[in-house]
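Taking it in order: structure first as structure tokens, then the write-up.
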Amino acid sequence: MVPHLHAPQNLPGLSSAGQLSLVHWPHQCEVIRDRIEHIDWTPPRPEPLYTPMGLEMKPSYQPAGEGTVIYLTEEANKDSGFVYSQVRGLSPSKQILHQNGDNTLIFEARFESGNLQKVVKVNEFEYQLTLRTDLYTSKYTQWYYFQVSNTQAGMPYRFTIVNFTKPDSLYKRGMRPLLYSEADAKKHNVGWRRTGNEIKYYRNNAGQGGQQYFSLTWTFQFPHNRDTCYFAHCYPYTYSNLQEYLVAISKDPVKSKFCKIHILCHSLARNIVYVLTITNPHEGDKDTKRKAVILTARVHPGETNTSWIMKGFLDYILGNSGNAQVLRDNFVFKVVPMLNPDGVIVGNHRCSLAGQDLNRKYKSNLKEFYPSIWYTRNMIKRVMEERDILLYCDFHGHNRKKNVFVYGCERKQQAKAPNLHPRVFPLLLSKICPDKFSFPDCRFRVQKSKEGTGRVVMWKMGISNSYTLEASICGSKLGQRRSTHFNTKDLESVGHHFCDALLDYCVPNMKEHEEMVKQQAKVNSEGLNSDVLDRDSSTQTSNSSDSCDLVAHQLKLGTKIKTKTSGEHIHRIAKDRSRESKNTQGIETLHKIFQELDPVGRDLNWGTIPQPIEHFISQNLFLPPTALQEMCYASERGGVRPVSGCHPPKMESRSREKEEKIHHRVKLPITASVKQVGECFRFWFSGSEN
């Protein structure tokens with residue numbers, strides 16, 4: 001039975017409980033009555049990644065009948081599909097499948113966003129954990145979030161999760177699990193922090209019928225006796241957290257004037273999907289001149305980092321800064337902060353209660369099965385009838401790559417001379433956020449498998465700047481944040497920088513933007529966007545020339561005084577930032593190319609580089625002449641034979657115009673071998689990083 005869905009409507013009054021709506025669960029889900037809450041806390045310094053020692057153990061899978069089962073919940077997946085929902089679900093007591101009085105840990109995950117299906121006690125301090133697949137599916141195991149009590153401090157515990165299905169994982173690259181201690185939160189005001197040693201992600205012996213499974217194992221010590229702790233894949237952000245945030249906005253006498261909260265639709269389980277409209281009050285028909293910006297998040301429930309990015313964006317845009325005022329004066333923001341509330345509530349990793357990945361359903365007309373997607377697409381169509389849309393962006397988390405980056409869209413036939421506008425916004429974001437956002441990691445291809453995603457569907461509907469923002473679940477490999485984890489403040493800062501990039505994008509002079517992208521695209525388009533490296537996206541291109549001349553637009557509206565203030569503000573911001581990032585392009589890009597080729601930091605084996613990348617390095621790499629000269633002759637001084645002909649052209653007899661043009665790029669000689677170039681690169685970078 002699929003519940004009847006109502007059309008979008010205005011937000012009803014607040015409930016007596018102080019929430020916008022009660023949380024609805026599938027009827028067969030057991031839910032404990034305890035309210036799970038965590039304090040906000042940021043570590044005093046970035047938390048480093050784990051460095052493998054090469055001696056990590058790989059515990060074997062314990063088959064049924066071995067060990068002692070101490071936690072088991074299977075009720076939720078007994079039905080083949082969603083039937084109906086109820087408020088809070090069933091209310092069981094905690095499971096204690098062992099004798100009272102011993103030191104066995106007590107596990108629990110039957111709370112909002114929790115995920116844990118089974119726990120087997122292997123020995124006194126070792127436990128084997130099995131995650132629950134997404135409801136009404138037999139796959140998707142990545143997100144975990146569970147509670148552990150009856151702890152002993154200082155003892156060497158080992159947890160092993162045994163049913164991951166992906167062969168690759170950021171746990172292979174130093175990511176560590178998250179730990180939260182209620183005792184530390186109460187006594188020391190310390191929240192979520194990274195934990196774990198002897199971390200190993202590996203293929204195990206649990207596979208059956210051709211299915212392969214992978215284990216994550218780690219050791220740790222609890223900080224306190226008789227404590228209640230939590231472990232999670234990423235920082236949790238629940239549906240109730242969102243509702244509390246929206247309640248605070250609706251009760252704020254200032255924010256509620258320019259942020260209107262509406263019901264977009266109801267989910268399958270009758271949970272509300274909210275849409276926020278954010279813009280400063282307007283007079284008459286002035287509002288129709290404002291362009292729209294569309295943002296969405298949490299279509300994949302386990303990508304909780306996107307809610308923290310969204311929170312950062314909302315904190316900024318709803319703030320009282322001059323920048324926020326300028327943005328609200330000139331744009332109408334439509335924000336859907338949680339597209340898949342049902343999946344978030346039940347602790348799914350990827351799917352809705354329909355058992356489907358909603359980010360493949362934007363072409364579907366099945367409103368009853370995918371209501372949030374259908375209503376979001378229709379809402380955007382209505383907005384397009386009223387005004388131009390400057391940008392659409394769907395926030396996602398990435399479980400295999402580090403950094404923050406975007407996937408955009410470009411047309412296939414323009415690959416050799418790409419339309420540059422879709423690359424402008426991410427390039428600006430990389431300049432503003434250099435320690436987190438990586439432009440070389442961005443992709444602008446449109447693969448056939450991605451044609452049902454929000455990004456591609458919105459682009460084909462006519463939104464030129466249509467993006468998926470991808471943020472690593474782990475952390476960064478850039479600048480000062482290299483080899484560190486992201487925390488919640490880092491994620492919120494990405495939302496802040498997103499707003500800053502919008503301000504920079506709206507500078508009327510787009511020639512400077514285009515020139516920056518031309519220079520960057522020459523380095524990146526053939527190499528980094530090749531099919532060899534691009535496993536996640538594919539490309540066809542927008543031909544829009546969407547520039548946002550706010551100053552000219554406001555003059556047309558007759559708001560000359562406000563225009564001067566806003567215009568000067570935007571130009572000042574852009575001028576300051578251009579000074580900071582003017583000369584970082586070539587070196588940063590080369591460094592990122594080699595990080596892409598060699599993410600672990602080993603010496604590159606040039607004999608194994610794929611042929612398209614050989615071609616790119618030997619024939620198509622462009623460098624500023626000063627960097628090229630320094631690289632080649634520094635390597636010669638270090639005993640590495642320089643590339644023949646590797647030097648900038650003479651410029652004495654050239655006009656200033658030609659001189660400046662040549663200074664922008666110089667091409668490596670075609671005769672240079674990959675090995676020669678690689679040796680120069682390797683020597684030069686090793687010297688420049690010290």
Side-chain angles (χ1 to χ4, degrees), residues 5-14 19-21 23-24 237 239-252 255-282 287 290-301 306-307 309-311 313-318 327-328 331-345 352 358-359 361-362 367 370-387 389-395 454-455 457-458 461 463 466 469 495 498:
L5 298 171
H6 297 289
Q9 54 190 286
N10 290 331
L11 183 70
L14 300 177
Q19 292 183 320
L20 295 175
S21 173
V23 177
H24 291 73
Y237 194 100
Y239 183 61
S240 293
N241 292 147
L242 172 65
Q243 296 213 91
E244 290 167 354
Y245 187 85
L246 298 182
V247 166
I249 294 173
S250 65
K251 290 182 176 180
D252 188 296
K255 294 178 181 178
S256 59
K257 290 181 180 179
F258 51 75
C259 178
K260 303 301 179 184
I261 306 171
H262 299 283
I263 297 175
L264 178 68
C265 64
H266 288 82
S267 67
L268 288 181
R270 303 296 298 155
N271 291 300
I272 294 174
V273 180
Y274 297 99
V275 58
L276 284 59
T277 303
I278 303 169
T279 192
N280 278 340
H282 55 87
D287 175 63
R290 297 178 181 178
K291 294 187 178 183
V293 174
I294 313 290
L295 301 179
T296 60
R298 291 300 285 280
V299 69
H300 295 150
T306 64
S307 282
I309 296 174
M310 182 63 79
K311 179 181 180 297
F313 169 83
L314 291 173
D315 286 345
Y316 187 113
I317 205 68
L318 298 177
L327 289 170
R328 294 196 304 267
F331 294 111
V332 176
F333 294 91
K334 291 282 188 178
V335 179
V336 184
M338 194 171 284
L339 280 163
N340 189 354
D342 294 349
V344 171
I345 289 166
S352 71
L358 294 182
N359 199 35
K361 301 300 177 183
Y362 277 89
K367 176 173 66 173
Y370 319 120
S372 63
I373 300 304
W374 191 91
Y375 278 105
T376 296
R377 187 184 63 199
N378 261 29
M379 178 267 291
I380 293 173
K381 285 181 178 178
R382 291 197 304 272
V383 172
M384 293 180 76
E385 293 173 357
E386 299 170 358
R387 65 185 78 250
I389 295 181
L390 175 72
L391 180 146
Y392 163 89
C393 190
D394 187 23
F395 294 173
R455 165 177 63 98
V457 170
M458 300 310 158
M461 283 169 51
I463 303 175
S466 184
L469 179 78
F498 193 95

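We're numbering straight along the sequence, starting at 1.
Put simply, the side chain of Leu314 reaches to within 4.5 Å of the side chain of Ile278, judged on heavy atoms. Here the side chains of Val273 and Ile263 are not in contact, with every heavy-atom distance at 4.5 Å or above. The side-chain heavy atoms of Phe395 and Ser307, taken from C-beta on, include no pair separated by under 4.5 Å. The side-chain heavy atoms of Ser240 and Val23, taken from C-beta on, include a pair separated by under 4.5 Å. Contact annotation: the side chain of Leu246 approaches that of Leu276 to within less than 4.5 Å [non-hydrogen atoms, C-beta and beyond].
Checked by atom type and distance alone, the side chain of Arg328 never pairs as donor or acceptor with a backbone atom of Asn280 at under 3.5 Å.
Note: Glu385 CD to Arg382 CZ = 8.5 Å, rounded to the nearest 0.5 Å. In this structure, Leu327 CG and Ile317 CD1 are separated by 4.0 Å, a value rounded to the nearest 0.5 Å. In this structure, Ile389 CD1 and Ile380 CD1 are separated by 6.0 Å, a value rounded to the nearest 0.5 Å. Atoms CG and CZ, from Leu469 and Arg455 in turn, are 12.0 Å apart once rounded to the nearest 0.5 Å. Taken from CD1 in Ile249 to CZ in Phe258, the straight-line distance is 9.0 Å, to the nearest 0.5 Å. Interatomic distance, NZ of Lys255 versus CG of Asp315, reported as 6.5 Å (0.5 Å rounding).
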N/O donor to acceptor pairs below 3.5 angstrom from side-chain atoms of residues 333-340, sequence neighbours left out:
residue: Lys334; atom: NZ; partner: Thr277; partner atom: OG1; Å: 2.9
residue: Asn340; atom: OD1; partner: Gly343; partner atom: N; Å: 3.0
residue: Asn340; atom: ND2; partner: Val299; partner atom: O; Å: 3.2
residue: Asn340; atom: ND2; partner: Cys351; partner atom: O; Å: 3.2

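Contact record, Ser372 with Cys265: CA-SG, 3.6 Å, taken as the closest heavy-atom pair. Taking all atoms of both residues into account, the shortest heavy-atom contact from Val344 to Tyr239 is CG1-N, 3.7 Å. Contact detail for Thr279 and Arg290: the closest heavy-atom pair is OG1-NH1, 2.6 Å. Of all heavy-atom pairs between Asn359 and Gly454, the closest is OD1-N, 3.2 Å. Of all non-hydrogen atoms in Arg270 and His266, the two that sit nearest each other are NH1-CB, 3.5 Å. Residue Ser466 comes nearest to Met458 through the heavy atom pair OG-CB, 3.6 Å, listed as atom of the first residue, atom of the second, then distance.
Side-chain rings of Tyr245 and Tyr274 stay apart, their centers remaining 6.0 Å or farther from each other.
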Inset, instruction - Check the pair Leu295 / Leu391 against side chain to side chain contact (heavy atoms under 4.5 Å, CB included), numbers first and verdict last. - result: CA-CA 8 Å; Leu295 301 179; Leu391 180 146; 4.3 Å; yes
Inset, instruction - Evaluate the criterion side chain to side chain contact (heavy atoms under 4.5 Å, CB included) for residue pair Thr296 and Tyr392; output intermediate values, then yes/no. - result: CA-CA 8 Å; Thr296 60; Tyr392 163 89; 3.9 Å; yes
Inset, instruction - Apply side chain to side chain contact (heavy atoms under 4.5 Å, CB included) to Lys367 and Tyr375, showing your working. - result: CA-CA 8 Å; Lys367 176 173 66 173; Tyr375 278 105; 3.7 Å; yes
Legend entry - Chi angles and distances behind the side chain to side chain contact (heavy atoms under 4.5 Å, CB included) call for Lys381, Asn378: CA-CA 5 Å; Lys381 285 181 178 178; Asn378 261 29; 4.2 Å; yes
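Thr306 and Arg298 form no side-chain donor-acceptor contact under 3.5 Å, judged by distance and modelled atom types alone. Between Asp342 and Ser267, the side chains place a donor N or O and an acceptor N or O closer than 3.5 Å (distance only, hydrogens not considered).
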